[in-house]
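Notes follow the structure.
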Amino acid sequence: MKKEAISALLAEAIEQRKLIDLLRKKIDQFKLYGIPIAQREDLLLIANEYDFCFDGYKVIRKSDINQLHTGIGDGFFDWVFRQEQILPAPIETPLSLDNFQALLADLMKNKIPVIVEGKGNRFLLGAIHRLGKSKLHIAAVGVNGYIDSELTRTPYEEITTVTFGTRYLQLFMRYAVSEAERSNQPFRVSENPVICAPKEQGPSAIMSNSSAKVSPAKTPTRNANGRFTKAAQKQAPQPADKDDSAED
């Protein structure tokens, strides 16, 4: 699809709050569903939709879009959303879509954690620590819930997707622990479990929960060394470049 046609369809969907599906063949073999919130020349902000529920937001490059459709199911999905009054949670924090660096600056200023995806199947989850002239510096959290002791860097030009406000990200950040906390602060079973219901949560909810502390427990899910048991371990994401220099 031509860029002009994509921008025109997005403008209509934004104005009428229509569900769209889009395909980015070089990024993901699966379609992305959601309601577009805003667009600029190069970037699109979209509210994630799955099974008639909205969960967080993604900002993607419009140049990666190969296919885009509105009126999913001959408009049936849009009709259900209207009947059930299902809408994405409002974004209360002003966000720039001029480029990824400007977007990440606004997210960092408001202490909103992110998932950053990019070239070479790069997947980084964590809190933004610093923004250099050409690279993002992030305190990445591994699949085991441990925050890397060294910052990880990735160039802005290699970023394809920035995600924020999802339950997945919220829970990772709520229970992530730092290097110093690994041996003396094991995880515990939550006394207030999260109910996975179609209740919308915007970035303000993520910010209020992202720095919650983890208390010791009588029955930890980790062993004496602070590690998960072998049965609970999973393969970690592909490592990215570490912050081995003070330079950007």
Side-chain angles (χ1 to χ4, degrees), residues 1 3-100 103-104 106-107 110 112-118 123-125 159-172 196-207:
M1 295 183 66
K3 185 176 181 179
E4 294 77 11
I6 290 173
S7 295
L9 281 175
L10 288 173
E12 177 186 349
I14 291 171
E15 181 181 0
Q16 300 181 20
R17 311 195 79 167
K18 286 185 175 181
L19 181 72
I20 66 170
D21 69 48
L22 60 86
L23 182 63
R24 299 175 294 164
K25 292 181 179 179
K26 294 183 179 180
I27 307 299
D28 193 346
Q29 61 178 317
F30 300 106
K31 290 182 177 181
L32 173 63
Y33 290 83
I35 289 184
I37 304 299
Q39 67 171 329
R40 293 295 182 270
E41 182 68 20
D42 299 316
L43 299 181
L44 166 67
L45 170 63
I46 184 171
N48 288 322
E49 185 273 341
Y50 184 79
D51 287 351
F52 294 106
C53 293
F54 291 99
D55 183 23
Y57 305 86
K58 287 184 182 293
V59 177
I60 66 173
R61 300 185 303 193
K62 291 166 62 176
S63 60
D64 292 324
I65 301 174
N66 303 108
Q67 299 176 16
L68 190 151
H69 302 96
T70 61
I72 312 302
D74 291 331
F76 175 74
F77 280 70
D78 293 320
W79 181 78
V80 171
F81 286 134
R82 288 195 298 270
Q83 295 301 309
E84 295 293 321
Q85 298 184 355
I86 301 173
L87 294 172
I91 298 179
E92 300 175 356
T93 302
L95 298 175
S96 172
L97 295 179
D98 292 338
N99 51 59
F100 277 127
L103 169 69
L104 292 166
D106 285 338
L107 292 170
N110 290 280
I112 300 176
V114 296
I115 294 174
V116 175
E117 299 172 69
F123 184 95
L124 299 172
L125 181 155
I159 297 175
T160 60
T161 309
V162 172
T163 302
F164 62 96
T166 66
R167 290 188 182 90
Y168 179 88
L169 179 56
Q170 175 190 9
L171 291 178
F172 249 98
C196 291
K199 178 181 179 181
E200 291 76 28
Q201 293 187 9
S204 58
I206 305 304
M207 288 190 294

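Sequence positions, counted from 1, serve as the residue numbers for this chain.
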Lys31 backbone acceptor or donor facing Asp21 side chain under 3.5 Å: no
Output for pair (Gln67 CD, Ile6 CD1), nearest 0.5 Å, gives 10.0 Å
What distance do Asp64 atom CG and Leu44 atom CG have between them, rounded to the nearest 0.5 Å? 11.0 Å
List the residues meeting ring-ring contact (aromatic ring centres under 6.0 Å, His included) with Phe172, not counting sequence neighbours, and say none if there are none. Tyr168
Look up atom CG in Leu104 and atom CG in Asn99, then write down how far apart they are to the nearest 0.5 Å. 9.0 Å
So, for Met1 and Leu68, which heavy atoms are closest and what is the spacing to 0.1 Å? SD-N, 3.3 Å
Closest non-hydrogen atom pair between Val59 and Phe164, with its separation: CG2-CE2, 4.3 Å
Yes or no on side-chain contact (heavy atoms from CB on, under 4.5 Å) for Thr163 and Leu169, after CA distance, side-chain angles and deciding distance? CA-CA 9 Å; Thr163 302; Leu169 179 56; 5.6 Å; no
Could you tell me the separation between the NZ atom of Lys58 and the CD1 atom of Ile115, rounded to the nearest 0.5 Å? 6.5 Å
Closest approach of Thr70 and Lys18, non-hydrogen atoms and distance? CB-CD, 4.4 Å
Leu10 and Pro36: which non-hydrogen atoms are nearest, and at how many Å? CD2-CB, 4.2 Å
Can you label the angle between the Phe77 ring and the Phe52 ring as parallel, tilted or perpendicular, going by 30° and 60°? parallel
Nearest-0.5 Å distance, CD1 of residue Ile20 to CG of residue Leu9: 9.0 Å
Please check: side-chain N/O of Asp55 versus main-chain N/O of Arg167, any donor-acceptor pairing under 3.5 Å? yes
Chi angles and distances behind the side-chain contact (heavy atoms from CB on, under 4.5 Å) call for Thr161, Asp28: CA-CA 11 Å; Thr161 309; Asp28 193 346; over 6 Å; no
Student check: side-chain heavy atoms of Phe54 and Leu87 closer than 4.5 Å: no
Quick one about Thr160 and Arg24 (side-chain donor to acceptor, distance below 3.5 Å, no hydrogens or angles considered), yes or no? no
Here the gap from Gln39 atom CD to Asp42 atom CG, rounded to the nearest 0.5 Å, amounts to 11.0 Å
Mark yes when over 12 heavy atoms from residues, nucleotides or ligands other than Gln16 sit less than 6.0 Å from its CD; otherwise mark no. yes
Is it true that a side-chain atom of Lys62 and a backbone atom of Arg40 form a donor plus acceptor pair closer than 3.5 Å? yes
Tell me, with the steps shown, if Arg17 and Phe81 meet side-chain contact (heavy atoms from CB on, under 4.5 Å). CA-CA 10 Å; Arg17 311 195 79 167; Phe81 286 134; over 6 Å; no
Evaluate the criterion side-chain contact (heavy atoms from CB on, under 4.5 Å) for residue pair Leu43 and Val162; output intermediate values, then yes/no. CA-CA 10 Å; Leu43 299 181; Val162 172; over 6 Å; no
Provide the closest heavy-atom pair for Asp106 versus Ser96 in the form atom of the first, atom of the second, distance. OD2-N, 2.7 Å
